[in-house]
Undergrad: 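Here's a structure for you.
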Amino acid sequence: MHPSTREITQRTPAQESLIKELRALLPVTAVLTDPEDLRPFECDGLSVYRRLPLVVVLPDTIEQVQAIMQLCHKLNIAVVARGTGTGLSGGALPLGDGVLLSLARFKRILNIDPLNAMATVQPGVRNLAISEAAAAHGMYYAPDPSSQIACTIGGNVAENSGGVHCLKYGLTVHNVLMLKIITIEGEFLTIGAETLDAPGYDVLALMSGSEGMLGIIVEVTVKLLARPERAQVVLAAFDDVVKAGEAVGSIIAAGIIPAGLEMMDRLAIQAAEDFAHAGYPRHAEAILLCELDGSNAEVSEHIMTACKLLTECGATEVRTATDEAERQLLWKGRKSAFPAVGRISPDYYCMDGTIPRRQLPHVLKQMSQWSAEYGLPVANVFHAGDGNLHPLILFDANKPGELARTEEFGRRILKLCVEAGGTITGEHGVGMEKIDQMCIQFQSAELSQFHAVKAAFDPLGLLNPGKAVPTLHRCAEFGAMHVHHGELRHPELERF
């Protein structure tokens with residue numbers, strides 16, 4: 001029994017009735033109610049927020065999902081959808097009196113269509129599995145979050161995930177053609193089409209990043225790309241983080257759009273090197289990984305230009321991967337950065353904000369000053385090419401007050417991103433984590449429109465309630481600073 005998680009209280013007659021009806025709809029192994037069976041579903045990757053759901057259901061057919069939704073709609077029961085739980089914003093945090101709907105059993109690749117450059121998969125298919133299945137046809141799926149070995153395509157759509165190659169090839173929203181969803185009433189809808197442009201409003205884009213608040217995704221059709229003739233990575237080391245940030249803008253200004261342009265600071269470099277042995281220069285204050293792809297001639301030209309620019313921007317070392325194995329190793333270090341940092345600190349808080357590239361030097365300087373002020377180290381890992389920041393604030397939750405200081409530091413970073421002309425999230429979503437910062441990002445009229453969209457799909461507010469879009473009342477309380485932002489969320493939510 002986890003000592004910090006609230007025990008399940010005695011179920012009400014209505015809740016017992018709900019569970020009985022769910023068991024009539026699903027196989028016995030697809031309805032979980034015992035505390036130890038529920039424990040793996042108490043949180044997503046943001047484990048600072050945990051709550052046991054009332055019940056977990058694991059359907060494996062569309063008809064079962066429809067039946068569950070119809071039942072929950074009839075009984076006015078909230079539903080939270082979940083993939084593999086790799087999200088980092090508390091978007092899949094369950095409700096103590098609601099249904100947690102796991103899509104883990106929807107893991108079939110339904111079709112790989114190389115002629116039309118698309119793949120159709122169920123939402124529980126892992127991101128990397130799509131590229132693995134398409135590899136036999138010389139194709140791949142471009143968005144590649146660092147968690148791609150585990151995260152699912154349904155969750156990628158829900159959070160509009162990106163990855164190291166999103167600079168050139170776009171986020172999930174740019175790589176999805178069609179979705180099939182189940183509404184809260186149990187209606188089956190097809191959104192988008194197997195063409196580049198579907199008629200009518202672009203509801204497909206609206207579903208991307210909707211965090212499970214508008215419908216349950218049961219099928220996804222994505223674009224596939226032909227593998228480029230050549231891909232090569234340049235590693236550039238710097239003795240100053242600000243110089244590295246300035247070099248990012250110089251590369252883009254030269255008209256080069258790298259497939260990936262990533263940045264890591266010294267703390268992240270050393271953690272990743274100890275973990276992955278990628279060959280990073282351990283004493284550099286920052287490194288850039290710049291991947292260029294395309295035809296042989298195009299890559300050769302861009303490699304020469306990029307190396308020249310990086311040297312002019314003050315790089316102390318510039319080298320290129322000599323073969324595919326070295327290229328993969330360099331990316332392994334970057335994609336291992338999050339778990340690597342977990343080895344050097346009892347806890348860390350992974351932030352996610354986006355700023356204009358020109359603001360990188362300013363934001364880096366300010367975060368460094370705040371790190372010293374709070375006495376909390378920060379390991380910086382950036383999708384630098386598109387300004388998506390992932391500062392990892394290192395802390396120890398066992399030290400009294402340190403979590404609260406860490407969250408305060410994180411809130412200041414998100415506010416800084418907005419003030420710099422950016423946004424509070426790039427790819428992790430809002431979930432529970434950033435719901436108060438939505439009050440900084442948007443005005444009341446904008447939030448009212450968000451609620452109107454939600455109501456059009458889910459009038460009773462049963463799909464993932466309390467996430468992503470704050471109420472105007474909440475923003476009024478947040479602005480008045482009546483209570484600590486964590487206490488404002490849900491009284492029954494355990495925080496530790």
Side-chain angles (χ1 to χ4, degrees), residues 146 162 164-168 232-273 276 278-292 302-321 330-331 333-338 340-341 351-372 377-393 413 416-417 420 422 426:
S146 294
V164 300
H165 289 100
C166 64
L167 173 60
K168 185 173 183 178
Q232 194 163 4
V233 177
V234 176
L235 181 150
F238 292 84
D239 58 10
D240 187 324
V241 174
V242 174
K243 289 180 184 177
E246 292 170 344
V248 170
S250 297
I251 289 174
I252 303 297
I256 298 173
I257 305 298
L261 185 52
E262 300 288 298
M263 180 176 168
M264 299 166 66
D265 71 4
R266 184 172 184 173
L267 191 54
I269 292 165
Q270 293 181 348
E273 183 60 19
Y280 294 163
R282 293 180 55 85
H283 299 295
E285 290 299 320
I287 63 169
L288 289 179
L289 295 176
C290 176
E291 177 162 294
L292 302 159
H302 285 171
I303 286 282
M304 291 179 62
T305 302
C307 289
K308 182 174 182 291
L309 284 170
L310 291 165
T311 301
E312 290 173 350
C313 288
T316 57
E317 177 187 354
V318 178
R319 56 184 164 91
T320 60
L330 290 174
W331 282 126
R334 163 59 185 89
K335 292 193 173 187
S336 299
F338 287 9
V341 170
M351 303 303 299
D352 168 49
T354 302
I355 60 171
R357 284 185 295 267
R358 67 180 183 278
Q359 294 285 3
L360 268 173
H362 163 64
V363 171
L364 288 169
K365 284 181 181 178
Q366 184 61 74
M367 286 197 299
S368 178
Q369 292 173 7
W370 285 339
S371 175
V378 177
N380 284 298
V381 183
F382 303 151
H383 299 312
D386 58 343
N388 186 194
L389 317 180
H390 293 315
L392 309 179
I393 305 174
I413 291 174
L416 176 64
C417 288

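In what follows, every heavy atom counts, from backbone to side chain, and hydrogens, waters and symmetry copies are set aside.
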Undergrad: List the residues meeting side-chain hydrogen bond (donor to acceptor under 3.5 Å, both in side chains) with Gln359, not counting sequence neighbours, and say none if there are none.
TA: none
Undergrad: Restricting to non-hydrogen atoms, name the atom on Ala237 and the atom on Ala284 that form the minimum distance, rounded to 0.1 Å.
TA: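 Between these two residues, the closest heavy atoms are CB-CB, 3.9 Å.
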Undergrad: I'd like to know if the side chain of Asn380 reaches the main chain of Asp265, judged simply by a donor and an acceptor atom lying under 3.5 Å from each other, with no hydrogens or angles considered.
TA: no
Undergrad: Going by side-chain contact (heavy atoms from CB on, under 4.5 Å), name the residues that satisfy it together with Ala276, two or more places apart in sequence or in a different chain.
TA: Lys332, Ser336
Undergrad: For the SG atom of Cys290 and the CD1 atom of Ile303, what is their distance to the nearest 0.5 Å?
TA: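 Separation between the atoms: 7.0 Å.
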Undergrad: Using 0.5 Å steps for rounding, measure from the CD atom of Glu317 to the CD1 atom of Ile287.
TA: 9.5 Å
Undergrad: Which residues pass the salt bridge (charged side-chain N to carboxylate O under 4.0 Å, His left out) test with Asp352, not counting sequence neighbours?
TA: Lys434
Undergrad: For the residue pair Ile269 and Pro281, what are the closest heavy atoms and their distance?
TA: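 Closest heavy-atom pair between Ile269 and Pro281: CG2-O, 3.6 Å.
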Undergrad: Flag the pair Val318 / Val234 as yes when at least one side-chain heavy-atom distance between them is below 4.5 Å, and no otherwise.
TA: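 A side-chain contact exists here, since the closest heavy-atom pair is under 4.5 Å.
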Undergrad: Taking side-chain hydrogen bond (donor to acceptor under 3.5 Å, both in side chains) as the definition, give me every residue that meets it alongside Arg358, ordered by chain and number, with sequence neighbours left out.
TA: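 For Arg358, no residue satisfies side-chain hydrogen bond (donor to acceptor under 3.5 Å, both in side chains) once neighbours in sequence are set aside.
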Undergrad: With sequence neighbours left out, what residues match His383 under ring-ring contact (aromatic ring centres under 6.0 Å, His included)?
TA: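 ring-ring contact (aromatic ring centres under 6.0 Å, His included) check on His383 returns His390.
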Undergrad: Please set out all donor-acceptor pairs under 3.5 angstrom arising from side-chain atoms of residues 306-315, sequence neighbours excluded.
TA:
{"residue": "Lys308", "atom": "NZ", "partner": "Glu312", "partner atom": "OE2", "Å": "2.6"}
{"residue": "Thr311", "atom": "OG1", "partner": "Cys307", "partner atom": "O", "Å": "2.9"}

Undergrad: On a heavy-atom basis, which atom in Met264 and which in Ala337 lie closest, and how many Å separate them?
TA: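 For Met264 and Ala337, the tightest heavy-atom pair comes out as CE-CB, 4.2 Å.
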Undergrad: In chain order, what residues pass the side-chain hydrogen bond (donor to acceptor under 3.5 Å, both in side chains) check against Asp240, with sequence neighbours excluded?
TA: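 Residues passing side-chain hydrogen bond (donor to acceptor under 3.5 Å, both in side chains) with Asp240: none at all.
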Undergrad: Below 4.5 Å, heavy atoms only, C-beta onward: do Val164 and Leu289 meet side chain to side chain?
TA: no
Undergrad: Going through the checks in order, is the side-chain contact (heavy atoms from CB on, under 4.5 Å) test met by Phe382 and Leu364?
TA: CA-CA 11 Å; Phe382 303 151; Leu364 288 169; 3.1 Å; yes
Undergrad: With sequence neighbours excluded, what pairs up with Glu273 under the salt bridge (charged side-chain N to carboxylate O under 4.0 Å, His left out) test?
TA: none
Undergrad: Of all the heavy-atom pairs spanning Asp386 and Leu167, show the shortest one and how long it is.
TA: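 Heavy-atom minimum between the residues: N-CD1, 4.1 Å.
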Undergrad: Please tabulate, for side-chain N and O atoms in residues 245-256, each donor-acceptor pair with protein atoms closer than 3.5 Å (sequence neighbours left out).
TA:
{"residue": "Ser250", "atom": "OG", "partner": "Glu246", "partner atom": "O", "Å": "3.3"}

Undergrad: Excluding sequence neighbours, so at least two apart, what forms side-chain hydrogen bond (donor to acceptor under 3.5 Å, both in side chains) with His165?
TA: Asp144, Glu291
Undergrad: Using 0.5 Å steps for rounding, measure from the OG1 atom of Thr305 to the CG atom of Leu292.
TA: 9.0 Å
Undergrad: Quick one: pull up CD in Gln232 and CG in Leu330 and give me the separation to the nearest 0.5 Å.
TA: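 Atom-to-atom, Gln232:CD and Leu330:CG are 10.5 Å apart.
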Undergrad: Looking only at heavy atoms, which two atoms of Phe238 and Thr316 are closest? And how far apart?
TA: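 Between these two residues, the closest heavy atoms are N-OG1, 4.1 Å.
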Undergrad: What heavy-atom pair brings Ala244 and Met263 nearest, and what distance separates the two atoms?
TA: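 It is CB-CE, 3.7 Å.
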Undergrad: Ignoring hydrogens and angles, tell me if any N or O in the side chain of Gln270 forms a donor-acceptor pair with the backbone of Arg282 under 3.5 Å.
TA: yes
Undergrad: Is there a side-chain contact between Ile355 and Leu360, using heavy atoms and a 4.5 Å cut-off?
TA: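 The answer is yes; the side chains approach within 4.5 Å.
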Undergrad: Going through the checks in order, is the side-chain contact (heavy atoms from CB on, under 4.5 Å) test met by Val341 and Val381?
TA: CA-CA 10 Å; Val341 170; Val381 183; 5.6 Å; no
Undergrad: Among residues at least two apart in sequence or on other chains, which ones pass salt bridge (charged side-chain N to carboxylate O under 4.0 Å, His left out) with Arg357?
TA: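 Expected list: none.
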Undergrad: Given 3.5 Å as the limit, does a donor-acceptor pair link the side chain of Tyr280 with the main chain of Arg334, or not?
TA: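 Flag set: sc Tyr280 to bb Arg334 pair under 3.5 Å.
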